[in-house]
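Only one structure is covered here, and it is reproduced in the block below.
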Amino acid sequence: MSAQTSVKRITAPQITERKNGKPIVCLTAYDAPTANILDEFCDILLVGDSVGMVVHGFTTTVGVTLDMMILHGQAVMRGSQKALVVVDLPFGSYEDSVETAFRSASRVMMETGCNAVKIESGSYAAETISYLVERGIPVMSHVGLRPQSMNVLGGFRARGRRKVVEDEIIANAIAAANAGSFAVVVEGTSAEIAEKVTKSVKIPTIGIGASKKCDGQILVTPDMLGQFDRVPKFVKKFADMKGLVEGAVKDYAEQVGNRTFPAEENTYKFKHK
Ligand code: KIV
């Protein structure tokens, strides 16, 4: 066995043990080379269905299929060794029955080798979560702004301005935790709601646009790397990837244009006998 394959991945129970402990570092990943870079620094790599928007150019996550998630999940597993890899179950692959959810989740686990799945967790989700967990599939939940429901919610907006919505978010998180989720993503809420959820559940909360009052944080990697001009307001850009790529491609185009590329050292040399 190589040194590489002997590295142990972080497990779902180890993430749960981090409640109120060392903050949990999570990012999304969709391909092997990026996963390889993120792996050293992250506890969780999420193969999010945001792949539809940030990689495939969809306007929402609703069109993402199970086959797409499996393909990207396989790539992220190949590129990482240490982080817990969680794959999103996409819209339409788990909501109608526990049996459908198990079929989709077990396909994802078997065909990617990933460690857990994530489902967006409305009030209907508790039964599904316990069904999957009892059958050996660790589940991460997702409450607050649930992008797969954006057609019902009316867009990608922060959630919980009204008391009834705040109560619903907290209730969904408690139900998801009681059903056996190992962690819960809290997206697009106020600090007050994030804090209430964090205090109400025994599992770690992973915030995205939901303040520091969570047990960990997650961002969509291309957003935090500065790949896009427009990102959600709460995103801090930690790099300027768009600028970097533009600069490199501009240099390349200029050098091809003025015949300074390829130089001698970028050219194969053959010695024919
Ligand atoms: O799909 C995704 O990237 C997500 C994160 C926003 C948490 O669900």
Side-chain angles (χ1 to χ4, degrees), residues 1-12 14-15 24-58 60-61 63-91 93-94 104-119 137-140 142 147-148 182-183 185 206 208 216-228 231 235 237-249 252 266:
M1 195 189 278
S2 75
Q4 288 208 335
T5 52
S6 67
V7 174
K8 277 220 174 89
R9 276 189 196 274
I10 295 170
T11 64
Q14 284 171 336
I15 294 293
I24 301 162
V25 182
C26 320
L27 281 173
T28 64
Y30 316 105
D31 61 74
T34 311
N36 194 251
I37 298 169
L38 307 183
D39 190 45
E40 180 183 346
F41 308 100
C42 291
D43 300 303
I44 296 178
L45 293 179
L46 171 68
V47 187
D49 60 357
S50 52
V51 70
M53 298 174 74
V54 298
V55 175
H56 294 276
F58 297 173
T60 75
T61 59
V64 175
T65 66
L66 198 59
D67 286 339
M68 287 167 72
M69 296 310 302
I70 289 172
L71 196 65
H72 288 283
Q74 289 167 338
V76 170
M77 285 301 290
R78 282 193 289 267
S80 61
Q81 308 170 51
K82 182 214 81 187
L84 178 86
V85 174
V86 181
V87 176
D88 259 345
L89 291 189
F91 179 71
S93 72
Y94 62 94
S104 299
S106 57
R107 249 198 90 195
V108 167
M109 301 287 288
M110 290 165 73
E111 294 181 34
T112 68
C114 75
N115 315 103
V117 298
K118 174 164 83 58
I119 65 173
I137 301 179
V139 178
M140 189 182 213
H142 184 152
Q148 292 174 10
F182 71 90
V185 169
I206 312 291
I208 173 162
Q217 296 292 328
I218 186 162
L219 283 173
V220 170
T221 301
D223 286 349
M224 62 83 80
L225 290 181
Q227 192 177 331
F228 303 111
V231 291
V235 173
K237 287 190 188 178
F238 286 81
D240 176 22
M241 193 159 123
K242 183 164 183 260
L244 204 72
V245 173
E246 275 173 353
V249 175
Y252 169 74
N266 302 116

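We use all heavy atoms of the structure for the numbers below, so side chains are in, but hydrogens, waters and symmetry mates are not.
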Would the distance check show the side chain of [X] and the main-chain N or O of [Y] forming a donor-acceptor pair, the cut-off being under 3.5 Å?
X: Gln74; Y: Glu111; answer: yes
X: Arg9; Y: Val85; answer: no
X: Thr34; Y: Asp31; answer: no
X: Lys237; Y: Phe228; answer: yes
X: Asp39; Y: Gln81; answer: yes
X: Ser104; Y: Ser93; answer: yes

Close side-chain approach of [X] to [Y], heavy-atom, < 4.5 Å:
X: Leu244; Y: Lys242; value: no
X: Leu46; Y: Cys26; value: no
X: Asp88; Y: Val47; value: no
X: Ser50; Y: Tyr30; value: yes
X: Ile137; Y: Met109; value: yes
X: Asp67; Y: Arg107; value: yes

Test log, rule side-chain contact (heavy atoms from CB on, under 4.5 Å), inputs Phe58 and Val64: CA-CA 8 Å; Phe58 297 173; Val64 175; 4.1 Å; yes

Quick one: closest heavy-atom pair of [X] and [Y], and the distance?
X: Met77; Y: Gly113; value: CE-O, 3.0 Å
X: Lys82; Y: Glu40; value: NZ-O, 3.1 Å
X: Val87; Y: Gly73; value: CG2-CA, 4.2 Å
X: Ile15; Y: Ala183; value: CG2-CB, 4.2 Å

Measuring from [X]:[atom1] to [Y]:[atom2], what's the distance to the nearest 0.5 Å?
X: His56; Y: Thr65; atom1: NE2; atom2: OG1; result: 8.5 Å
X: Arg78; Y: Thr112; atom1: CZ; atom2: OG1; result: 10.5 Å
X: Leu66; Y: Leu89; atom1: CG; atom2: CG; result: 7.0 Å
X: Met140; Y: Ile206; atom1: CE; atom2: CD1; result: 4.5 Å

Residue pair Val108, Ile70: steps toward the side-chain contact (heavy atoms from CB on, under 4.5 Å) verdict: CA-CA 6 Å; Val108 167; Ile70 289 172; 4.1 Å; yes

Test side-chain contact (heavy atoms from CB on, under 4.5 Å) applied to Phe182 and Val86, Val139, Asn115, the passing residue: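 Among Val86, Val139, Asn115, the one meeting side-chain contact (heavy atoms from CB on, under 4.5 Å) with Phe182 is Val86.
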
Test applied, side-chain contact (heavy atoms from CB on, under 4.5 Å); reference residue, Ser80; option that passes from Leu45, Asn36, Leu38: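 Result for side-chain contact (heavy atoms from CB on, under 4.5 Å) with Ser80: Leu45.
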
Derivation of the side-chain contact (heavy atoms from CB on, under 4.5 Å) call for Met69 and Val51: CA-CA 8 Å; Met69 296 310 302; Val51 70; 4.0 Å; yes

side-chain contact (heavy atoms from CB on, under 4.5 Å) between Ile10 and Ile44, worked out: CA-CA 8 Å; Ile10 295 170; Ile44 296 178; over 6 Å; no

Enumerate, atom names and distances included, each donor-acceptor pair closer than 3.5 Å involving a side-chain atom of residues 217-225, sequence neighbours excluded.
{"residue": "Gln217", "atom": "NE2", "partner": "Ser211", "partner atom": "O", "Å": "2.9"}
{"residue": "Thr221", "atom": "OG1", "partner": "Thr28", "partner atom": "N", "Å": "3.3"}
{"residue": "Thr221", "atom": "OG1", "partner": "Thr28", "partner atom": "O", "Å": "2.4"}

